[in-house]
Amino acid sequence: MRTDARSQRRRCPDGHACGKEGAAVARRADRPMTTFAEKLHDERIADELRAAGLDPDHVARLARATVEEDLGGGVDVTSEATVSADARAVADYVARKPGVAAGIYVAAAVIDLVSGGDAEFEFPLEDGARVEPGTVLFTASAHTRDLLTAERSALNLLCHMSGIAGITRQWVDAVEGTGAKIRDTRKTTPGLRLIEKYAVRCGGGVNHRMFLSDAGLVKDNHVLAAGGVVEAFESVRAKYPDLPVEVEVDTLDQLLPVVEAGAELILLDNFTPERMRAAVMLVGRNEPYGRTRLEASGGLTLDQARAVAETGVDYISVGGLTHSAAILDVGCDFR
């Protein structure tokens with residue numbers, strides 16, 4: 001008989017890391033897996049998502065996955081035990097802090113799926129609206145059990161997306177009037193990129209490439225592999241002539257050679273504001289280099305935003321918009 005640690009974990013009747021997982025699976029084996037529709041029932045929600053540039057089917061799959069993750073193959077045992085099957089309720093999704101709303105229709109999609117299309121909604125404001133404590137983002141009316149089952153998944157998405165929109169808006173406000181635009185990166189949560197980048201748009205930012213296939217971005221490792229920054233740029237341009245290509249440079253010496261090679265967008269990696277200003281002056285805003293745009297990137301903080309924007313760069317890219325945004329506190333209040 002095996003006595004190693006892995007065997008002990010499997011036999012443990014009630015430990016957490018040491019066997020509860022197996023026991024829990026056994027205890028709920030006779031419970032049917034809760035399933036939801038693959039598509040949204042509420043056409044208004046679907047239409048609003050399309051208008052926002054989101055695929056309703058993608059959102060439906062995401063919503064379903066978040067709820068099924070929460071249920072863990074079983075049911076909402078607390079709600080099943082305490083709430084009668086025919087009870088109905090009205091729930092307001094209310095901001096607890098000031099910020100920017102994002103993900104209203106994504107959160108509503110979660111409730112729509114859980115309710116099987118039975119829920120009714122009121123949307124007093126749109127994504128991108130500034131909110132204060134007490135602002136109702138949206139209201140849902142449905143069977144109480146469905147509202148409770150959907151609550152945390154809906155809030156997780158709504159709070160996360162609104163947090164991204166809020167920090168983006170802070171950056172956008174900080175550079176207002178300079179002409180610089182705040183851009184996101186691909187430093188996104190796996191599986192959530194589309195809605196996170198949508199949240200950036202809700203906050204007034206603009207999206208960098210969505211996917212690796214959208215555009216080329218020559219970085220230091222590509223330069224090393226290709227034998228030089230100009231060589232790397234020309235290789236991408238030759239193979240994919242119809243796609244935009246951005247080139248990352250680390251020094252001012254690299255700047256003009258890639259401009260002269262035809263790069264229309266250059267990322268200034270970890271440049272100081274003084275070096276950014278020098279890069280702007282080198283490139284100029286007249287021919288032959290007037291078509292070239294410059295993007296500042298690398299370790300930038302909100303208190304630097306204005307100074308960076310005033311150097312004349314076209315974009316400021318901020319990975320923290322998506323990888324480090326604090327949530328907006330939103331609660332679900334039953335009437």
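In this chain, numbering begins with 1 at the start of the sequence shown. Note that the structure is predicted; figures quoted are calculated from it, not measured.
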For the atom pair [atom1] ([X]) and [atom2] ([Y]), what is the distance rounded to the nearest 0.5 Å?
| X | Y | atom1 | atom2 | value |
| --- | --- | --- | --- | --- |
| Thr168 | Arg201 | OG1 | CZ | 11.5 Å |
| Arg209 | Thr185 | CZ | OG1 | 10.0 Å |
| Leu268 | Leu255 | CG | CG | 6.5 Å |
| Ile111 | Asp146 | CD1 | CG | 10.0 Å |
| Ile167 | Leu302 | CD1 | CG | 5.5 Å |
| Thr322 | His160 | OG1 | NE2 | 8.0 Å |

Check: Can you tell if the side chain of Met276 reaches within under 4.5 Å of the side chain of Leu294, non-hydrogen atoms only?
Finding: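 SC-SC contact between Met276 and Leu294 ruled out.
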- Is any side-chain heavy atom of Val218 closer than 4.5 Å to a side-chain heavy atom of Val223?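 Counting from C-beta outward, Val218 and Val223 do come under 4.5 Å.
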Determine the minimum heavy-atom distance between [X] and [Y], stating which atoms define it.
| X | Y | result |
| --- | --- | --- |
| Gly103 | Asp127 | N-OD1, 3.1 Å |
| Ala305 | Val175 | O-CG1, 3.7 Å |
| Ser162 | Leu137 | OG-CD2, 4.5 Å |
| Leu113 | Ala63 | CD1-CB, 3.6 Å |
| Ala296 | Val313 | CB-CG2, 4.3 Å |
| Ala60 | Glu38 | CB-O, 3.3 Å |

Tyr240 OH: over 12 foreign heavy atoms closer than 6.0 Å |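 Atom OH in Tyr240 is not packed in, count stays at 12 or less.
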Near Met210 CE, under 6.0 Å, is it more than 12 heavy atoms from other residues, nucleotides or ligands?
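Count over threshold, so yes.
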When you group the ILVMFWY residues by side-chain heavy-atom contacts below 4.5 Å and let the links chain together, are [Y] and [X] in the same group?
| X | Y | result |
| --- | --- | --- |
| Tyr198 | Val131 | yes |
| Leu158 | Leu147 | yes |
| Leu328 | Leu125 | yes |
| Val106 | Phe121 | yes |
| Val236 | Phe233 | yes |

Decide, yes or no, whether a salt bridge links [X] with [Y] under the criterion of side-chain N to carboxylate O below 4.0 Å.
| X | Y | result |
| --- | --- | --- |
| Lys39 | Asp57 | yes |
| Lys197 | Asp184 | yes |
| Asp333 | Arg96 | yes |
| Arg145 | Glu80 | yes |
| Asp173 | Arg130 | yes |

Sort out for me which residue in Val247, Val229, Val230 forms a side chain to side chain contact (heavy atoms under 4.5 Å, CB included) with Pro257.
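Option passing the side chain to side chain contact (heavy atoms under 4.5 Å, CB included) with Pro257: Val230.
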Pair [X], [Y]: side-chain N/O donor-acceptor within cut-off below 3.5 Å:
| X | Y | answer |
| --- | --- | --- |
| Thr135 | Glu132 | no |
| His208 | Glu246 | yes |
| Thr251 | Asp253 | no |
| Ser79 | Asp76 | yes |

Asp47/Arg44 under salt bridge (Lys or Arg N to Asp or Glu O under 4.0 Å): CA gap, chis, key distance, verdict
CA-CA 5 Å; Asp47 288 343; Arg44 179 182 176 186; over 6 Å; no
**Prompt:** Looking at Tyr315, is Arg183 sitting on its ring face, NZ or CZ under 6.0 Å from the six-membered ring centre and within 45 degrees of the normal?
**Reply:**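 Output yes; distance and angle both within limits.
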Discussion item. Which label fits Phe138 and Tyr93: parallel for a plane angle under 30°, tilted from 30 to 60°, or perpendicular past 60°?
Written reply: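 Answer is parallel, since the angle falls under 30°.
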Evaluation steps, side chain to side chain donor-acceptor pair (under 3.5 Å), between Ser317 and Glu295: CA-CA 7 Å; Ser317 62; Glu295 177 175 1; 3.2 Å; yes
**Prompt:** Checking side-chain contact (heavy atoms from CB on, under 4.5 Å) for the pair Leu265/Thr292: CA distance, chi angles, key distance, verdict?
**Reply:** CA-CA 6 Å; Leu265 180 58; Thr292 304; over 6 Å; no
Problem - Evaluation steps, salt bridge (Lys or Arg N to Asp or Glu O under 4.0 Å), between Arg335 and Asp92 - result: CA-CA 8 Å; Arg335 296 183 191 174; Asp92 294 321; 3.0 Å; yes
Hey, mind stepping through Thr66 and Glu69 against side chain to side chain donor-acceptor pair (under 3.5 Å) and telling me if it holds? CA-CA 5 Å; Thr66 60; Glu69 177 184 57; over 6 Å; no
